Amino acid sequence: MKLKELIKNIKPLCVKGNIDTDIVCVNIDSRKISNGHLFIAMKGTQVDGHKFIPMAITQGAAAILCEDMPEDIVDGVAYVQVKSTEDVVGEVATQFHGDPSRKLKLVGVTGTNGKTTIATLLYNMFRKFGFRCGLLSTVCNYIEGDALPTSHTTPDAIELNQLLERMAKAGCQYVFMECSSHAIAQKRIGGLNFAGGIFTNLTRDHLDYHKTFENYRDAKKAFFDGLPKTAFAITNADDKNGMIMVQNTKATVKTYSTTSMADFKAKILECHFGGMYLEIDGREVGVQFIGKFNVSNLLAVYGAAVMLGQQPEDVLVVLSTLKSVSGRLDPVRSPEGVTAIVDYAHTPDALENVLKAIHEVLNKKGHVITVCGAGGNRDKGKRPLMAQEAVRQSDKVIITSDNPRFEEPQDIINDMLAGLNSQQMKKVVSIVDRKEAIRTACMLAQKGDVILVAGKGHEDYQEIKGVKHHFDDKEILHEIFGN
């Protein structure tokens, strides 16, 4: 593709060199640059990509897209200067890959909790309807049934468009995608055409990056602000920020709720560890999920499917067959009658929701033992709040290591313990070694009790000092239980 075609939808400040040059690949990683590539120099949060322009040219870059024009202009290389490469990278990537999002129906899911569950359930549902589908999620990306491991909730703009192009070529009709606040703020989804957007909820998270809750909220809202008139925007009316999300959107707005008037409504009729009986829009349905927060997730799935043209009765039939996403309220049972629940809950709100769901089923007929920690090099302010929530709804709490990353595990534990008073500390023990913490919880549990192992969910590793070591909460539980 000619460079001039790639940049036709952006407004350059300055152009130097021949824009008729052929571009065979677009990249933001200088290490991947080869002959005929366009290198986009991004001013990242850790490293300024402009430092690698000379390296990219040495490796054969045919063109450079940058914010700061280099002093040394190399003959035979085209330079395009823009105000913000972050603002245009999505547009350029979309153009290079043939605008793939317009060849399929792309639905984005954003919010603090529930993104993975909703996106995955929609993917599974529409495959059961007989459509070819793609999924972009925290757990794994899928093109039809082919799994592609992922390291970010939302890939960068280049990788994202590559994946969407592959999905379009594979005949996918629908793609369901988690949209993280980082991805929205960093314009990774820029240039994409969404058929619909879903808002789950908003609680404290990622303040290490966004700095304030308002910035975090506004990043989520920007997704809905950018939806076209042809799209739908489904929002959670039970969340105080639900209507704020859609107040400036051009999309058709629909609401869902478990407590008030809304376009899509549900209530719990019966609940046990095997699932729930619900009433959704006046129809009864049995589902294989527990917890009020999961009722909200299922309502969002139901609403999106209806907005995508499916009949409500057909949606409910498929909804009754769907199972929980890996690492989300994922049960492991011991021969002695103890139930352990593995869940990804890593925010105070997520812990609250999961523990509430457990209590709804237990109905005061057993004890709750919670094993939890907090991730290193992330928002420190949520650590004491997580400890407080765990203690508030548990009979015993074991504070342990999560993914310490480059922090000392004991320092993270100390931050969590700092939020507890002397009375609360009577319920708590701290064990740095996560396996020993889980083993201790299993030793303390009696028949009928529930152990919540929170924080890592689907993850099969612990990240320590930059190295990922194999660690799977479910594997550990099976080993301890002798399953």
Side-chain angles (χ1 to χ4, degrees), residues 107-126 128-129 137 174 176-179 195-203 220 223-224 231-246 249 251-271 275-325 328-329 349-350 352-354 356-357 360-361:
V107 176
V109 187
T110 195
T112 305
N113 303 313
K115 296 187 296 296
T116 301
T117 295
I118 292 170
T120 305
L121 293 183
L122 279 166
Y123 165 78
N124 290 334
M125 173 177 281
F126 274 74
K128 290 197 173 199
F129 281 139
S137 84
Y174 294 90
F176 302 100
M177 169 184 172
E178 293 184 51
C179 297
I198 300 167
F199 171 70
T200 63
N201 49 58
L202 201 69
T203 59
K220 300 288 189 185
F223 169 66
F224 295 95
F232 62 81
I234 299 178
T235 192
N236 184 357
D238 294 335
D239 188 281
K240 63 183 179 182
N241 290 288
M243 298 315 295
I244 293 174
M245 289 292 131
V246 295
T249 189
T252 299
V253 175
K254 296 289 182 180
T255 58
Y256 64 94
S257 172
T258 61
T259 60
S260 59
M261 292 296 292
D263 296 296
F264 306 110
K265 274 190 60 64
K267 65 179 180 180
I268 299 173
L269 302 177
E270 189 180 318
C271 186
M276 296 180 286
Y277 283 103
L278 307 178
E279 182 183 287
I280 296 180
D281 282 357
R283 300 176 179 88
E284 291 187 16
V285 61
V287 296
Q288 300 174 60
F289 297 81
I290 64 168
K292 191 174 180 181
F293 71 96
N294 263 329
V295 180
S296 294
N297 291 337
L298 294 171
L299 259 184
V301 170
Y302 170 81
V306 170
M307 291 304 293
L308 288 169
Q310 301 305 307
Q311 293 300 310
E313 295 84 358
D314 296 337
V315 175
L316 292 177
V317 169
V318 175
L319 206 63
S320 69
T321 69
L322 298 178
K323 298 183 188 300
S324 181
V325 177
R328 269 65 173 180
L329 276 172
D349 179 67
E352 178 186 11
N353 286 335
V354 172
K356 273 185 179 177
E360 285 167 10
V361 178

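The shown structure was predicted, so the numbers you read here are calculated from the model rather than taken from an experiment. Below, all heavy atoms of this structure are taken into account, side chains as well, without hydrogens, waters or symmetry copies.
Comment: Lys356 engages Glu352 in a salt bridge, judged by a side-chain N to carboxylate O separation of less than 4.0 angstrom.
Side-chain contact between Phe289 and Leu121 is present, with at least one heavy-atom pair separated by less than 4.5 Å. Two residues are said to be in side-chain contact when any heavy atoms from C-beta on lie closer than 4.5 Å; Met245 and Leu202 meet this criterion. Contact annotation: the side chain of Asn124 never approaches that of Lys323 to less than 4.5 Å [non-hydrogen atoms, C-beta and beyond]. The side-chain heavy atoms of Asn201 and Phe293, taken from C-beta on, include no pair separated by under 4.5 Å. Looking at heavy atoms from C-beta onward, Met243 lies in side-chain contact with Val246 at the 4.5 angstrom threshold. Under the 4.5 Å side-chain criterion, counting only non-hydrogen atoms from C-beta, Thr200 is in contact with Val109. Between Lys254 and Phe264, the closest side-chain pair of non-hydrogen atoms falls below 4.5 Å. The side-chain heavy atoms of Val315 and Phe129, taken from C-beta on, include a pair separated by under 4.5 Å.
Aromatic pair Tyr302/Tyr256: centroids not less than 6.0 angstrom apart.
A parallel orientation is assigned to the rings of Phe176 and Tyr174, their planes being inclined by less than 30° (bins at 30° and 60°). Classified by interplanar angle (parallel below 30°, tilted 30° to 60°, perpendicular above 60°), the ring pair Phe199/Phe224 is perpendicular.
Among all heavy-atom pairs drawn from Lys220 and Gly111, the shortest one is NZ-O, 3.0 Å. Residue Thr117 comes nearest to Asn294 through the heavy atom pair CG2-OD1, 4.2 Å, listed as atom of the first residue, atom of the second, then distance. Taking all atoms of both residues into account, the shortest heavy-atom contact from Cys271 to Val361 is SG-CG2, 3.5 Å. Smallest separation of non-hydrogen atoms from Met276 and Ile268: SD-CD1, 3.9 Å. Annotation for Ala237 and Thr255: closest pair CB-CB, 4.1 Å, computed over non-hydrogen atoms.
Of the inter-residue distances, the one linking Thr258 atom OG1 with Asp238 atom CG reads 4.0 Å to the nearest 0.5 angstrom.
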From CA spacing to verdict: side-chain contact (heavy atoms from CB on, under 4.5 Å), Gln311, Val317 | CA-CA 10 Å; Gln311 293 300 310; Val317 169; over 6 Å; no
Side chain to side chain donor-acceptor pair (under 3.5 Å) assessment of Asn113 paired with Asp349 = CA-CA 8 Å; Asn113 303 313; Asp349 179 67; 2.9 Å; yes
